[in-house]
Amino acid sequence: MDKTYQPAAIERRWYDRWEQAGHFSAAGDGAPYCIMIPPPNVTGTLHMGHAFQDTIMDALTRYHRMRGDRTLWQPGTDHAGIATQMVVERQLATQGLSRLELGREAFLARVWEWKEQSGNTIQQQLRRMGSSVDWSRERFTMDEGLSQAVIEAFVRLHDEGLIYRGKRLVNWDPVLHTALSDLEVLSAEEDGHMWHFRYPLADGSAHVVVATTRPETMLGDTAVAVHPEDPRYADLVGKSIRLPLTDREIPIIADDYVDPEFGTGCVKITPAHDFNDYEVGTRHALPLINIFTIDAALNENAPAPYRGLGRYAARERVVADLDAAGLLERIDPHKLMVPRGDRSGEVVEPYLTDQWFVRAGPLAKPAIEAVESGRIRFIPENWDKTYYEWMHNIQDWCISRQLWWGHRIPAWYDDDGNVFVGRTEAEVRARHGLAAETALRQDEDVLDTWFSSALWPFSTLGWPAATPELQTFYPTSVLVTGFDIIFFWVARMIMMGIKFMGDVPFREVYIHGLIRDQEGQKMSKSKGNVLDPLDLIDGTDLESLVAKRTTGLMQPHLAPKIEEATRKQFPDGIPEFGTDALRFTFAALASNGRDIRFDLNRIEGYRNFCNKLWNAARYVLLNVEGAEIAAAGTEPSSLPDRWIRSRLGKTIAEVTMQIGQYRLDLATRALYEFTWNEYCDWYLELSKPILQGAGDAAEKAATRATLTTVLETLLRCLHPLVPFITEEIWQRVAPFTGRTTDGASIMRQPYPEATDFPGDEDAERELDWVQRFVLGIRQIRGEMDIAPGKPLPVFLQDANANDQALLGKHERYLMELARLETIAVLPAGEDPPPSATALLGTMKILVPMAGLIDVAAERARLNKNRERVSTGLQRVAGKLANEKFRANAPAEVIAKEEQKFAGMEQEIGQIDEQLARLDALD
RNA sequence: AGGCGCGUAGCUCAGUUGGUUAGAGCGCCACGUUGACAUCGUGGAGGUCGUUGGUUCGAUUCCAAUCGCGCCUACCA
């Protein structure tokens, strides 16, 4: 084995072998366990969030597979309609081409081409992460099978009246020329203005003042509204306004939508261009005047001077014209929430169009109940509030998109505008008795990508066919995802799953936190703070990192700033850490739903952990190769053997429990601490006096068995988190535990059981004594500045029978680990030489000062300890003196405090004794 | 406006149903390299657990208020 852990060398070796051996496929007849990967965008790349999520899913998958479950981690990607279409359109634009010039079919061919070309990046990255997904079952939302599922779902929902087509106000992206669902619109506060206009009454008797943030929409006003109980305007209701700049008269209406406290209490109503106004318009049967084209320029419904102007140009013109007419009262600066398309970044326009909608109410009801009844559990559970909040206020879902890339809507129109829905044109004709001569044309639009994603948990398993996979794996076990996607995806999967499968799509939803950068900023391309997981795995130099962060920016002017920040933060680039270290880091940081600041120091620490494990294995192998090893099942004889097995059992129990409740961070910590602080720091050190001493062969053989058994078991425990290094070491170590590794893999070995390593309290108590003995000496050594290698003579004073018995049994460990020259028990009554002291219960461990220790230093050291104990003592004494404490606290708490008190009192007594002895020296 | 979360050592974070002398890693200080590992070892320093009240014999933990930060949802023209 190499002297240091070299991740690149070992990680490349294993993935292909696992895959070729078919280890990723569900096998056996255990309980089914299934995780659906949240499908990433097929043309995208894996970012830190994915890598984190994939680590969690892979750890769970490997864990359950080792536990003997029939485990499937289902991979795949989605087609990301808008995003992908935009990318390809941008590519075309660089060649001076547009989608419209190319035509639908040719364009789609280009998209498929792009998908083929870039579409396997994610797959390669997943492989590098060690993800044990079943590639043989990989799916893509635009696959034949999944497309069938989409059509089937659409037709069934339509047949039940749960999908309808209607002219509604929707969020319109004037750049992409498509409708968007509410969720694809992001609102953010921006600086704007509030314009106040005078609207004259038709009879010329007066005017009202209305305020607006969007002056151009006044050209589409069809009413002015006031609150029905507003005394200021009560006599105006029913009168008319002469709408300026137009030749229209519009009514003044009363509606309690108006807040009389806000502004003037008069509101202009533009039903065709504002969601609230639309509602008001519906209630009052107001006409809808659409004044915009699909580009958000003014159309022929606007007065002639404004036609053809873009909305912002029109705004300036309207304001100027009203000002010229003396109708501009004032302009105030105003902050307002501006809705923008999440893809185009353009301000979306409420726009009246024909769209397809899913009636959400009836689907939401059982989906809410599924969570309320506990059939689906959120982890952490408070996310259910977010879910309920949205589900109780759910709006109908606009599912049609005016795009080409996606599932074409299975609806056909005849020349009279009648619409027919069916799985195919043939079916439509058959169902509706349409003659072959009747011309039919299919709806031009496609479905929202999330519509197909909502079917993912069952479409990937073969639905609508009743496949064995569906039978076996649905409902799936757990969904692992980020909170940002609860509405987009989680809620919709639950609705569709219950609708079409009659059962929930998953039993648990594990919501993890967001990966942020070192400063706690969200990672994003435009901030230039993204990290590619592969750069952490393989390392990268500064120039490559700068290049990666500054190319392909949406806002190229940010490049210099990003470059500067990157050079500052990573002056030497990023070193190679390896996949296992990255995974261990993610797991260690995966505490309950909390966001994660990704810190390079942390991953470095876990790479060091891998190195530690690696070297522990080196030590074990060096000591067992070619040597006699006790047969499996031989009773451990030595204290260290009994102790480490006991500790291992408890660690397994802890890890198993923590994984069971999705606390990968705590599972990780238990493993880290066992490996480093117990196995390496103590057990390996304790094995040295046995193996290197002149002890008997049987004991050595038993120690070798424990060395290998514990390591082999530990590797299996760690494997779900760090698959590569554990496989590599396991292949070398397992044969020494009587296992065959011919063609075997650790990933198909059983997960360790705590019951195989029962607790041994006697051994733990005895070893604790040994440890405290050694630590006492080390402390003196450390604080007295005595060379670590210098052998020390030691006297024991007031050693009781137990101490003497333990000393008799374990002296060799003390000698070795504490680097001692001699240990002598002082007979009762005999005065010890001047010494530095450590306390172990009632016993004093004395290191004679002779030339080694400075009296003043030892006095200071003792005083420091005395101080510390004394503070604790006062605290406990205060408690015990409190009558109420004695009266109310449980007996065991009181007993514990009393014990503590006695212990500390004794300790102080001993310290004082030593101090007195030192004084006597002066 | 409503909802959720966070505030513990210089930094990043644990802290299970109230009872620990409040922990870990990194960083820091001192010493150390014939040894499985310097990607290491040994020892050490470092915290009035955001603030203020309350409940309690006892609060980092429960409750209320408050300050600061973050996120989500919905928004008044």
Side-chain angles (χ1 to χ4, degrees), chain A residues 1 3-5 187 194 210-214 217 225 257-259 261-270 274 276-277 334 336-337 380 382-383 385-386 388-390 393 483-484 486-487 513-514 516 518 520 522 575 577 581 588-589 591-602 604-623 658 661 663 665-666 669 672-673 677 680-681 684-685 688 692 775 778-789 868-869 871-873 875-876 879 882-890 892-894 896-897 900 904:
Chain A
M1 286 176 84
K3 198 173 168 184
T4 53
Y5 156 67
S187 293
M194 182 79 88
V210 297
T212 181
T213 54
R214 302 203 49 198
T217 62
Y257 156 70
V258 180
D259 175 1
E261 306 292 310
F262 189 91
T264 59
C266 287
V267 188
K268 63 189 267 313
I269 302 294
T270 323
D274 181 280
N276 289 311
D277 292 5
H334 183 69
L336 71 163
M337 296 297 279
N382 44 304
W383 285 110
K385 292 204 178 69
T386 305
Y388 291 139
E389 176 66 19
W390 191 66
N393 299 302
F483 58 83
D484 49 333
I486 289 181
F487 309 136
L514 213 66
R516 299 171 174 279
Q518 235 146 349
K522 223 186 254 192
F577 293 114
L589 295 171
S591 73
N592 238 335
R594 187 167 163 142
D595 283 359
I596 292 171
R597 288 190 190 212
F598 196 86
D599 184 354
L600 279 196
N601 293 325
R602 207 69 195 253
E604 186 184 342
Y606 292 122
R607 183 204 52 191
N608 296 353
F609 172 78
C610 291
N611 184 60
K612 191 75 180 172
L613 181 65
W614 182 259
N615 273 287
R618 275 187 75 215
Y619 170 80
V620 170
L621 290 171
L622 284 173
N623 280 287
Q658 297 297 359
Q661 45 195 29
R663 290 303 301 268
D665 58 328
L666 298 180
R669 178 141 67 142
Y672 182 99
E673 285 177 354
N677 304 336
C680 291
D681 283 354
L684 296 190
E685 294 306 321
K688 288 173 186 175
Q692 289 155 19
L775 290 172
R778 283 182 185 165
Q779 203 162 17
I780 290 172
R781 223 187 251 282
E783 292 184 32
M784 294 296 109
D785 255 349
I786 301 169
R868 184 172 11 204
V869 180
T871 327
L873 184 77
R875 195 138 119 194
V876 177
K879 255 191 201 179
N882 186 338
E883 280 310 313
K884 287 179 177 167
F885 173 72
R886 290 190 171 277
N888 292 303
E892 53 187 61
V893 171
I894 296 176
K896 202 170 151 194
E897 292 296 320
K900 233 192 276 179
M904 289 192 280

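A, B, ... follow the sequence lines: proteins, then strands. Residue 1 opens every chain. All values below come from the heavy atoms of this structure, side chains included, with hydrogens, waters and symmetry mates left out.
With a cut-off of 3.5 Å on both Watson-Crick or G-U wobble distances, the partner of B/rG53 is given as B/rC63. Nucleotide B/rU42 forms a Watson-Crick or G-U wobble pair with B/rA30, both donor-acceptor distances falling under 3.5 Å. For B/rA74, there is no paired base (Watson-Crick or G-U wobble, both distances below 3.5 Å). The partner of B/rG68 is B/rC6, by the rule that a Watson-Crick or G-U pair needs both atom distances under 3.5 Å. If you check B/rA24 for Watson-Crick or wobble pairing at under 3.5 angstrom, you find it paired to B/rU12.
Across B/rA77, B/rC75, B/rA36, the shortest atom-to-atom separation from the side chain of A/Thr213 is found for B/rA77. Here B/rU20 is the nucleotide among B/rA77, B/rU20, B/rU39 with the atom lying nearest to any side-chain atom of A/Lys879. Counting only heavy atoms from C-beta on, A/Pro890 has its side chain closest to B/rG19 among B/rG19, B/rC57, B/rA77. Nearest to the side chain of A/Phe885, among B/rU12, B/rG19, B/rA36, sits B/rG19. In this structure, of B/rU39, B/rG19, B/rA74, it is B/rA74 that holds the atom nearest to the side chain of A/Met337. For A/Met194, the listed nucleotide lying nearest its side chain is B/rA77; candidates were B/rA77, B/rG19, B/rC75. Residue A/Asp681 has its side chain nearest to B/rG41 when only B/rG43, B/rA14, B/rG41 are considered. You'll find that the side chain of A/Asn608 is closest to B/rU39, out of B/rG5, B/rG15, B/rU39. The listed nucleotides are B/rA38, B/rG25, B/rC75; the one nearest the side chain of A/Tyr672 is B/rG25. Taking the side chain of A/Arg597 as heavy atoms from C-beta on, and the options B/rC13, B/rC75, B/rA36, the nearest nucleotide is B/rC13.
A/Thr4 places none of its side-chain heavy atoms less than 4.5 Å from the side chain of A/Trp614. A/Tyr606 places none of its side-chain heavy atoms less than 4.5 Å from the side chain of A/Leu589. Between A/Ile486 and A/Trp390 the shortest side-chain heavy-atom distance does not fall below 4.5 Å. In this structure the side chain of A/Val267 never reaches within 4.5 angstrom of the side chain of A/Phe262, judged on heavy atoms. Looking only at side-chain heavy atoms (C-beta outward), A/Thr217 and A/Lys268 come within less than 4.5 Å of each other. At a threshold of 4.5 Å between non-hydrogen side-chain atoms, the residues A/Tyr257 and A/Asn276 count as touching. Using a 4.5 Å cut-off on side-chain heavy atoms (C-beta onward), A/Phe885 and A/Val893 make contact.
Looking at heavy-atom distances under 4.0 Å, A/Cys266 makes no contact with the nucleic acid at all. Residue-level contact check: A/Phe487 touches the backbone only, with heavy atoms under 4.0 Å from sugar-phosphate atoms and none from bases. Heavy atoms of A/Glu389 sit nowhere under 4.0 angstrom from any nucleic acid atom. Nucleic acid contact for A/Arg886: none, since no nucleic acid atom lies under 4.0 Å from a heavy atom of the residue. At the heavy-atom level, A/Glu892 lies nowhere under 4.0 Å from the strands shown. Among the atoms of the strands shown, base atoms are found under 4.0 Å from some heavy atom of A/Val258. Residue-level contact check: A/Ala889 touches the bases, meaning some heavy atom is under 4.0 Å from a base atom. A/Arg778 comes within contact range of the sugar-phosphate backbone alone, with a heavy-atom separation under 4.0 Å but no base atom that close. Nucleic acid contact class of A/Arg781 (heavy atoms, under 4.0 Å, all strands): none. Among the protein residues, A/Leu589 comes within range of no part of the nucleic acid, since none of its heavy atoms lies under 4.0 Å from any strand. At a threshold of 4.0 angstrom between heavy atoms, the contacts of A/Asn882 are confined to the sugar-phosphate backbone, with no base atom among them. Among the atoms of the strands shown, only primed sugar atoms or phosphate atoms (P, OP1, OP2) are found under 4.0 Å from some heavy atom of A/Leu775. If you check every strand for non-hydrogen atoms under 4.0 Å, A/Lys385 touches sugar and phosphate atoms only.
Contact between the side-chain N/O atoms of A/Arg602 and the OP1/OP2 oxygens of B/rA14 is not found at any separation under 4.0 Å. Under 4.0 angstrom from either OP1 or OP2 of B/rG70 there lies no side-chain N or O belonging to A/Lys522. Phosphate proximity of B/rC57 to A/Asn888: present, with a side-chain N or O under 4.0 Å from OP1 or OP2. Between A/Asn393 and the phosphate of B/rA74, there is no side-chain N or O to OP1/OP2 separation shorter than 4.0 Å. For A/Ser591 and B/rA14, the shortest distance from a side-chain N or O to OP1 or OP2 is below 4.0 Å. The side chain of A/Gln779 contributes an N or O atom lying less than 4.0 Å from OP1 or OP2 of B/rG44.
Per the geometry, CH2 belonging to A/Trp390 stands 13 Å off C1' belonging to B/rC72, to the nearest Å. Computed from coordinates, the A/Ile596 CD1 to B/rA14 C1' distance equals 13 Å when rounded to whole Å. The nearest whole Å value for the distance from the CG atom in A/Asp595 to the P atom in B/rG7 is 12 Å. The CG atom of A/Asn677 sits 15 Å away from the P atom of B/rG23 (whole-angstrom rounding). Atom-to-atom, CD1 of A/Ile780 to P of B/rG44 comes out at 12 Å; the value is rounded to the nearest Å. Atom pair A/Phe609:CZ and B/rA24:C1' shows a separation of 14 Å (rounding to whole Å applied). The distance between atom OH of A/Tyr388 and atom C1' of B/rU73, rounded to the nearest whole Å, is 17 Å. The distance from atom CG of A/Leu613 to atom C1' of B/rC37 is 11 Å, rounded to the nearest whole Å.
For A/Lys3 and B/rC37, a side-chain-to-base donor-acceptor distance below 3.5 Å is absent, hydrogens and geometry of angles not being considered.
Cation-pi geometry between A/Lys612 and A/Tyr672 is not met: the NZ or CZ atom fails to fall both under 6.0 Å from the ring centre and inside 45° of the normal.
In terms of position on RNA chain B, the residue among A/Asp599 and A/Lys900 whose nearest nucleotide sits closer to the 5' end is A/Asp599. Annotation: of the two residues near RNA chain B, A/Arg868 and A/Lys688, the 5′-most nearest-nucleotide partner is A/Arg868.
The local environment of CZ in A/Arg516 is crowded, with over 12 non-hydrogen atoms from other residues, nucleotides or ligands closer than 6.0 Å.
With both ends at atom P, the span from B/rG70 to B/rA30 equals 39 Å, rounded to whole Å. For B/rC40 and B/rG25, the C1' atoms lie 16 Å apart once the distance is rounded to whole Å. Separation of the P atoms belonging to B/rU51 and B/rC67 is 15 Å when rounded to the nearest angstrom. Nucleotides B/rU61 and B/rU8 are separated by 14 Å at their P atoms, to the nearest Å. B/rG50 and B/rU16 are spaced 14 Å apart, taking the P atom of each and rounding to whole Å. Comparing B/rG15 with B/rG23, their C1' atoms are spaced 7 Å from each other, to the whole Å. Annotation: B/rG10 and B/rC57 have their P atoms spaced 35 Å apart (nearest Å).
Checked for salt-bridge contact, A/Glu685 and A/Lys688 meet the test: a charged N lies under 4.0 Å from a carboxylate O.
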